[in-house]
Amino acid sequence: MPRLSEVIAALENLWPAERAESWDAVGTVVGDPDQDVTRVLFAVDPVQDIVDEAVKLGADLLVTHHPLYLRGTTTVAATHFKGRVVHTLIKNDIALHVAHTNADTADPGVSDALAGALDLRVVRPLVPDASDPDGRRGLGRICELDHPLTVREFAALAAERLPATAQGIRVAGDPEATVRTVAVSGGSGDSLFDAVRAAGVDAFLTSDLRHHPASEAVAHSPLALLDAAHWATEWPWCELAAAQLDEISDRHGWDLRVHVSKTVTDPWTAHAASNPTHTPGAPN
């Protein structure tokens with residue numbers, strides 16, 4: 001049975017904190033280094049529903065992709081929802097560890113897991129990490145399809161393979177255009193349009209695309225955009241990360257029980273589609 005410090009050392013080897021962006025807040029948020037760890041839960045968001053699930057599961061360690069306190073805080077009072085998360089974790093001897101942008105750029109990382117969920121063949125990073133001499137780490141991934149699909153077909157594939165959310169998959173561009181190469185980036189991706197255009201791909205699948213950057217992107221080139229829910233593009237990493245920890249546990253003889261939360265923590269809960277019988281355009 002490993003101590004928390006041993007498990008954290010293994011996780012830090014996968015996702016070193018020094019590879020996180022300077023603005024990020026990664027690493028261990030709550031936990032006694034000497035506590036024993038037998039059960040681990042992976043999730044995207046450190047919200048109360050996930051913490052309650054960890055308590056019910058009997059987990060000793062919760063690993064999330066998103067930070068609990070990204071911008072810092074002056075209080076962990078239980079009068080605030082984040083404070084309640086901290087109190088619940090400590091009362092139940094559950095540690096919390098975060099791997100965010102250091103998991104985004106890892107090899108394999110968040111975008112590798114996203115590509116894997118869509119059966120895409122990874123060619124190279126979209127934005128390579130200059131510190132990696134092998135050229136495998138970096139933000140986003142450039143991928144190839146095994147056989148061409150239309151944008152409409154590729155969007156349907158993404159909707160089928162990614163976790164179901166109220167948003168589904170939004171598409172910008174010609175639905176009948178052919179897709180052979182794709183850039184993918186788990187999480188918010190509209191800051192990457194310059195790199196995507198330079199890569200010369202047919203489509204870009206990411207999340208949180210805003211009106212003006214998306215409008216300018218499709219006006220600039222025939223690039224098709226596929227906008228999925230933020231949570232859905234990052235959830236596949238939880239399964240990848242759990243498998244990595246499982247392998248480490250087997251190698252060290254730790255016999256950890258590693259779980260992935262299936263709880264949907266995407267904040268959007270419903271979607272009302274426009275009436276297709278109405279003439280497209282603004283109301284008169």
Side-chain angles (χ1 to χ4, degrees), residues 20-21 23-26 29-30 41-57 59 62-73 75-89 94 96-101 103-104 109-111 113-114 117-118 140 155 158-172 184-192 204-214 225-242 259-274:
E21 296 290 339
W23 50 263
D24 206 357
V26 302
V29 181
V30 171
L41 178 65
F42 282 85
V44 175
D45 296 299
V47 295
Q48 191 66 47
D49 283 351
I50 295 297
V51 173
D52 290 343
E53 181 179 348
V55 172
K56 185 176 180 180
L57 183 67
L62 171 62
V63 181
T64 65
H65 182 51
H66 289 153
L68 177 62
Y69 288 107
L70 182 59
R71 292 175 177 82
T73 187
T75 177
V76 292
T79 51
H80 187 269
F81 76 93
K82 291 190 178 185
R84 288 196 300 276
V85 164
V86 173
H87 278 252
T88 304
L89 290 168
I94 302 172
L96 171 62
H97 186 82
V98 173
H100 192 211
T101 53
D104 286 335
V110 171
S111 293
L114 175 57
L118 301 174
E160 176 187 348
R161 297 292 183 83
L162 294 180
T165 60
Q167 173 181 319
I169 308 295
R170 299 190 300 175
V171 175
V184 300
S185 181
S188 304
D190 65 12
S191 64
L192 301 174
F204 179 34
L205 188 150
T206 187
S207 67
D208 295 344
L209 292 180
R210 295 170 295 160
H211 175 90
H212 293 295
L225 304 178
L226 292 90
D227 184 41
H230 188 122
W231 173 84
T233 64
E234 294 179 331
W235 184 85
W237 171 80
C238 295
E239 291 197 319
L240 169 63
H259 306 263
V260 175
S261 174
K262 302 295 195 296
T263 301
V264 178
T265 54
D266 185 71
W268 306 106
T269 56
H271 170 76
S274 300

Okay, side chain of [X], backbone of [Y]: is any donor-acceptor separation there less than 3.5 Å?
X      : Y      : answer
Asp24  : Val26  : no
Asp227 : Asp208 : yes
Ser111 : Gly186 : yes
His87  : Val76  : yes
Ser207 : Gly187 : yes
Lys82  : Tyr69  : no
Trp231 : Thr165 : no

If we only count heavy atoms from C-beta on, is the [X] to [Y] side-chain gap below 4.5 Å?
X      : Y      : result
Leu118 : Leu205 : yes
Leu62  : Val51  : yes
Thr206 : Asp190 : no

* To do: Search all heavy atoms of Leu226 against all heavy atoms of Ala155 and return the closest pair with its distance.
  =>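 Looks like CD2-CA, 3.5 Å.
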* Please work out whether the ring planes of Trp237 and His65 are parallel, tilted or perpendicular, with thresholds of 30° and 60°. => tilted
* To do: Look at atom NZ of Lys262 and say whether more than 12 heavy atoms of other residues, nucleotides or ligands are closer to it than 6.0 Å.
  => yes
